[in-house]
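Report on the structure given below.
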Amino acid sequence: MVDAVVGVLLDKLLALLVREGQQLLEFDSQFDKLKDELGYMQGYIKEADRMRRKEGRDILKLVTRDLRELVYDAEDVIADCYIEFMKQHDGYLLNIVSCCSPRLLKFRLKISRRLKKIIRRIEAVQERMKSYLSAAPSTITSREIESTTLLRYPILLEEEDIVGLEDDASKVEKWILESQEPSTVIGIVGMGGIGKTTLARKIYNRNRIKNSFQQMIFVTISQNCELEDLLKRMLIKMNVVEKSLRRKEVEDLLEKLKEKLGDEKYLVVLDDVWGNERSWWDSLKSALPKNLGCCVIVTTRIENVARTMGAIEKHIHRPKILSDESSWSLFSKIAFAWNGGKYPNSDVASLGKEIVARCKGLPLAIRVVGGMMLGKGDSVSEWRRISEHLKEALAEENTGGLVMSSLELSYEELPTYLKPCFLCFSMLPEDYVIRDDEIVCWWIGEGFVSETNGRTTFETGKEYLVELCNRCLLIGEPVVFERNIEFIKIHDLVRDMAIKIARDVSFTSLDERGKPELSAQSRRLGIFDNGVIKNVDSTGAKNSKTESKLRTLWGMWMEKEVLLNKNLELRKLTRLRVLIARFRRRNQEQIITKDWLYGITSLLNLVSLILSNCTVEQLPDSIGNLHNLQFLDLRSFANLKMLPSTITKLDKLIFFQIEGFPSLTCMPEEIGRLSKLERLEWLPYAKESQKIASCIGQLKNLGQLTLLRVEIENQNYLQELILNVLSELKHLLSVEISFFPYYDPKGIASVGKLNHLLSPLQCLEYLLLTDYPGESTPVWLSPAALPNLKFLGIMDQLSINTHKSHLRSMSPEFREGKWKIEGLSLVDLGELEEEWMMFRGAMPSLRMVRVSDCPKLKSFPLDVTQSNAFWRKEDDNTPGGH
């Protein structure tokens, strides 16, 4: 298969040369020569992609390996030119021809030599390529055009919606509901891809199950499960605030879990247990009260694991493969989603059934092959080609190898632009859940995503995520109903496939088990849970004179051992585009040094920067020199009092988030200079409102904002100020406002009314109000002011600690007119005394509601004292529910 990165970066590099050649880079005819040669190679690479299944795979693999390094080196040359210009002209790009200083002449000579070397290497690659292809293609076929079209279908189906599991689900449900024993353990055991997790979720989401338990927890167990992490995830699922758990020891977490469960009837699902249960199960079991009727479901590939955890034979379920009918039904839902799940003609149906038969009833294989066929439409020739290829690829496979072969074929059939994006998941640890923002920032930093058809890079990146989910290679987890995918994970078998391919095409440095391995040629490195990096090879990475080629460094919960690695000193990583570093902090110990942190300012190629859990007191002023930075995400800086004002010089910044800054007093006053900012998430817990007022006023200059998340004090003038700002931002799609109490010097609480008028926000689709201080909703929360609002959330986090909430009723303005709201979330509103039918009458388009701890909400069809009660329109039996 053609290298995933080559096609994407080659297209990007050519576009850059065409767009900037006249303005900036044409100081030497060598750039023109480079552009012509790379264009010629682009034609070859497209032809090679069409012929990838014929003879010559080994030759193609060698050619693309060489071409990959050429593309990287050429991009580095251009990047070096930009950086040099920025240094010399204080941020303004000028034509280098007009600059004749000795230093710049030396720089120009160096660039010229590098370009000549690259061009010679391209010519050598072309000679090799001619032995594989006789000529470059002169035209682009219709299939190539189709392969670059995004699949903009809705998310196809939830895991629990998989067909063919009804009898299995009913069987296990009966075991659960009929059990009168304390803490019954039920095992779901089977091979990877058979549908264990899907079955567990289907059971978990059944209405009879939801109505039978007061507490329900679903967590995934990784091969390297740590009890502390597991307990925190379980408590967060029970609506315990994450911040309150950060400094808890394991013993405290166990006690907290036992206290939260108390005398309540609970269901706990421990998904994908790998055989490490002896290290944590006995401790966890001690925190699970032995209440009658409670249940623990364990899914595992290893039957002895289920038995060790307490499952007896009569409570072990072994899922079987899907029937032919169920297999076809599942495949049709996915492959023909563009046609309402119906096959377009009999020829396609016949070929489709041949394809399904070769999946042998395995749900995972059927899903990924269905996702692969989603983009093939009604082209009989394409369906026939895939059917023949599957017949060839799967003829010799046993059931276990069948899944991997179908996964590899699904990857091979991906459009070029999605391949490198997908391979990024090879770097993530097993069962890791990543935020959509983080993965999109990573892709953009690497250059895998570009603006398309008037859509920003961020919007395009989000569409890539949706498409990979639609193709069933990723699993999207929408947090707020179905408005967007917010968290992403990958099935462990799909991850195994990604690791295999990533290693094969040198996408990242991984050993046979998928562990990080640093070498002189490494482009990407992921370090998780302080994982040990293998020794650097002897080719030169230990040699300080060798320039590091790392473009992405991703570290999660790193400790000092990692930072002391001399090969990871930031000042040496000058090619870095993406830096994500989350540190492990215990007892306020200073993990990172000031010297290490200040090394960031040497990373002039940096596009995406995410840092969290730092105890430093200041950031370097020179951070303003990172002129390529587009994404800046800073979280949990306990001691930082002020952000450097030079941040406002980051003129390419489109994403800016700060959260967890208890000592921060204000934002940079000239934040309005960040004119390209699209997303601002500002939760610094600032306490000096007078200082932040001017900062809030500056926000009205950010005319490109589509998302704003801000925390302000409950003072009328601040609340009116934020509403004035919102009225100015006409492109806003999403707004989240958190309020926190303000106390005057006399100790008298000030509660704002937030009733200042708001000009209609025509574009706004999502609104979340947290800890709203009023007893009635504000006058501007109305269909007139928010005519296109689709999702509304109101929650009270402060009441979790104080057991008091303010909101009692919805205002008359809220009830007037008809909302377009599809999703509603009401959380921890203990004093809300509204009628459920009022919401149904005001919101005719309502499809889904989440209610948690709203005991005074009247006539709601589900138990509102549960941690989470979910209402769906299609399940509603109340009057007016359909």
Side-chain angles (χ1 to χ4, degrees), residues 156-175 186-204 206 269 271-273 297-306 311 313 315-336 341 343 349-373 386-387 389-410 471-473 475 491-497:
L156 299 172
L157 69 168
E158 302 290 342
E159 284 191 51
E160 63 269 19
D161 293 331
I162 299 297
V163 298
L165 299 177
E166 194 61 35
D167 291 343
D168 289 6
S170 296
K171 174 184 172 182
V172 177
E173 180 186 65
K174 185 176 179 181
W175 292 349
I186 293 174
I188 300 177
V189 180
M191 63 176 291
I194 196 69
K196 301 182 297 295
T197 299
T198 302
L199 175 59
R201 283 205 178 275
K202 191 176 185 72
I203 296 164
Y204 184 85
R206 283 193 159 197
V269 180
D271 182 43
D272 203 20
V273 181
I297 297 178
V298 176
T299 75
T300 178
R301 301 183 192 183
I302 309 166
E303 185 165 321
N304 192 53
V305 168
E313 176 61 29
H315 286 156
I316 294 179
H317 177 69
R318 302 170 183 88
K320 295 180 174 58
I321 61 174
L322 297 180
S323 66
D324 291 346
E325 181 182 355
S326 295
S327 296
W328 176 246
S329 177
L330 172 58
F331 178 83
S332 298
K333 279 187 176 183
I334 300 171
F336 306 126
Y343 57 85
S350 177
L351 291 166
K353 288 179 179 178
E354 289 181 15
I355 291 171
V356 171
R358 294 190 176 105
C359 295
K360 298 181 180 179
L362 287 174
L364 181 60
I366 295 169
R367 291 182 71 180
V368 296
V369 172
M372 174 178 64
M373 302 310 298
I386 296 295
S387 179
H389 192 190
L390 269 173
K391 180 179 179 180
E392 176 186 337
L394 305 182
E396 304 292 327
E397 297 289 359
N398 57 31
T399 304
L402 182 149
V403 175
M404 184 59 69
S405 294
S406 62
L407 289 172
E408 290 180 356
L409 179 58
S410 295
R471 292 174 181 271
C472 300
L473 290 173
I475 301 170
H491 192 286
D492 50 4
L493 286 178
V494 182
R495 175 177 174 268
D496 290 343
M497 180 264 290

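Basis for what follows: all heavy atoms, side chains included, without hydrogens, waters or symmetry-related copies. What you see is a predicted model; the values in this text were computed from it and never measured.
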Quick check: does any side chain N or O of K196 sit under 3.5 Å from a backbone N or O of V298, one acting as donor and the other as acceptor? no

Are the side chain of S410 and the backbone N or O of S406 linked by a donor-acceptor pair below 3.5 Å? yes

Rounded distance [0.5 Å steps], [atom1] in [X] versus [atom2] in [Y]:
| X | Y | atom1 | atom2 | result |
| --- | --- | --- | --- | --- |
| T300 | I188 | OG1 | CD1 | 11.0 Å |
| I355 | I386 | CD1 | CD1 | 7.0 Å |
| S323 | D167 | OG | CG | 9.5 Å |
| E173 | K202 | CD | NZ | 11.0 Å |
| K353 | S332 | NZ | OG | 8.0 Å |
| I321 | C359 | CD1 | SG | 11.5 Å |

Please name all residues satisfying salt bridge (Lys or Arg N to Asp or Glu O under 4.0 Å) with D492, sequence neighbours left out, ordered by chain then number.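 Partners of D492 by the salt bridge (Lys or Arg N to Asp or Glu O under 4.0 Å) criterion, ordered by chain and then number, come out as R301.
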
Checking E303 now: which residues fulfil salt bridge (Lys or Arg N to Asp or Glu O under 4.0 Å) with it, not counting sequence neighbours?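 Only R307, R318 meet the salt bridge (Lys or Arg N to Asp or Glu O under 4.0 Å) criterion with E303.
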
Test side chain to side chain contact (heavy atoms under 4.5 Å, CB included) on R367 and I334 and set out the steps. CA-CA 7 Å; R367 291 182 71 180; I334 300 171; 4.0 Å; yes

Can you list the residues that meet the side-chain hydrogen bond (donor to acceptor under 3.5 Å, both in side chains) rule with S350, with sequence neighbours excluded?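 S350: no side-chain hydrogen bond (donor to acceptor under 3.5 Å, both in side chains) contacts found.
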
Just to verify, what does K171 make a side-chain hydrogen bond (donor to acceptor under 3.5 Å, both in side chains) with, not counting sequence neighbours?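 Listed in chain order: H317.
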
Any idea which heavy atoms bring [X] and [Y] closest together, and the distance?
| X | Y | value |
| --- | --- | --- |
| L493 | G193 | CD1-N, 3.7 Å |
| G361 | S327 | CA-OG, 3.7 Å |
| C472 | V368 | O-CG1, 3.4 Å |
| L199 | D168 | CD1-CB, 3.8 Å |
| G187 | A306 | CA-CB, 4.2 Å |

[X]: side-chain contact (heavy atoms from CB on, under 4.5 Å) partners, not counting sequence neighbours:
| X | answer |
| --- | --- |
| D271 | T197, F218, T220, T299 |
| Y343 | W328, F336, A349 |
| S170 | E166, R206 |

So, using ring pair (Phe, Tyr, Trp, His ring centres under 6.0 Å) as the criterion, who are the partners of H315 when residues are at least two apart? W175

Any side-chain heavy atom of I302 within less than 4.5 Å of one from V189?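 No, side chains not in contact.
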
Considering only heavy atoms from C-beta outward, does the side chain of S387 approach that of R358 to under 4.5 Å?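 Yes; the side chains approach each other to less than 4.5 Å.
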
